[in-house]
Amino acid sequence: MDLLKCYETLGLKEKATLADVKDAYRDLVSVWHPDRFSDNPRLRRKAEEKLKEINSAYERLVFHLEGKCKSSFLKEGGNAGNRSTTEAVFEVGTYLVLSAFSNISEAARRFWHEARRPPEKKRPR
């Protein structure tokens, strides 16, 4: 997904800050969270697809904007010694672990809902 599409997905202009991106993301997740549509499977599927698109756009923009912030910090002569590098590696590692747990919990939640659903009766042809 290109950056323009990411901004558009989150309803932002190209000059949006990292804080703007995070605020827009929180708002859209509140609106499009699939749990809001638990009584309607069709709308739930649509919300899941929309949320995947929102998550993808958010991740791409955060990666882009955090990289811009860090590179401008270095250009301005900020003290970016080992501590900043370590923090960046830690942030990426934390993000990866949290993403993995999020995906696992989402799969487990779907499995649990499917397991609890009564079996559908087959119609005779």
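Residue numbers count from 1 along this sequence.
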Does Thr17 have any side chain to side chain donor-acceptor pair (under 3.5 Å) partners at least two apart in sequence or in another chain, and if so, which? Asp20
How many angstroms lie between [atom1] in [X] and [atom2] in [Y], if you round to the nearest 0.5 Å?
X: Lys22; Y: Leu61; atom1: NZ; atom2: CG; answer: 12.0 Å
X: Phe111; Y: Glu106; atom1: CZ; atom2: CD; answer: 14.5 Å
X: Phe37; Y: Arg45; atom1: CZ; atom2: CZ; answer: 13.0 Å
X: Asp2; Y: Tyr7; atom1: CG; atom2: OH; answer: 11.0 Å
X: Arg60; Y: Asn55; atom1: CZ; atom2: CG; answer: 15.5 Å
X: Leu28; Y: Glu53; atom1: CG; atom2: CD; answer: 10.0 Å

Is there a chain of hydrophobic side chains (I, L, V, M, F, W, Y, each step under 4.5 Å between heavy atoms) that links Leu18 to Leu3? yes
Can you name the residues that form a salt bridge (Lys or Arg N to Asp or Glu O under 4.0 Å) with Arg36, not counting sequence neighbours?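 Arg36 satisfies salt bridge (Lys or Arg N to Asp or Glu O under 4.0 Å) with no residue once adjacent residues are dropped.
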Is Lys5 close to Leu10 at the side-chain level, that is, under 4.5 Å between some pair of heavy atoms?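 No; the side chains remain at least 4.5 Å from each other.
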Quick check: do Glu59 and His64 have side-chain heavy atoms less than 4.5 Å from each other? no
Salt bridge (charged side-chain N to carboxylate O under 4.0 Å, His left out) between Glu49 and Lys46, intermediate numbers included: CA-CA 5 Å; Glu49 291 301 315; Lys46 284 186 176 189; over 6 Å; no
Report yes or no: does Arg44 contribute a side-chain atom to a donor-acceptor pair with the main-chain N or O of Pro34 at less than 3.5 Å? yes
Yes or no on side chain to side chain contact (heavy atoms under 4.5 Å, CB included) for Glu48 and Arg110, after CA distance, side-chain angles and deciding distance? CA-CA 11 Å; Glu48 286 172 353; Arg110 274 193 239 123; 4.2 Å; yes
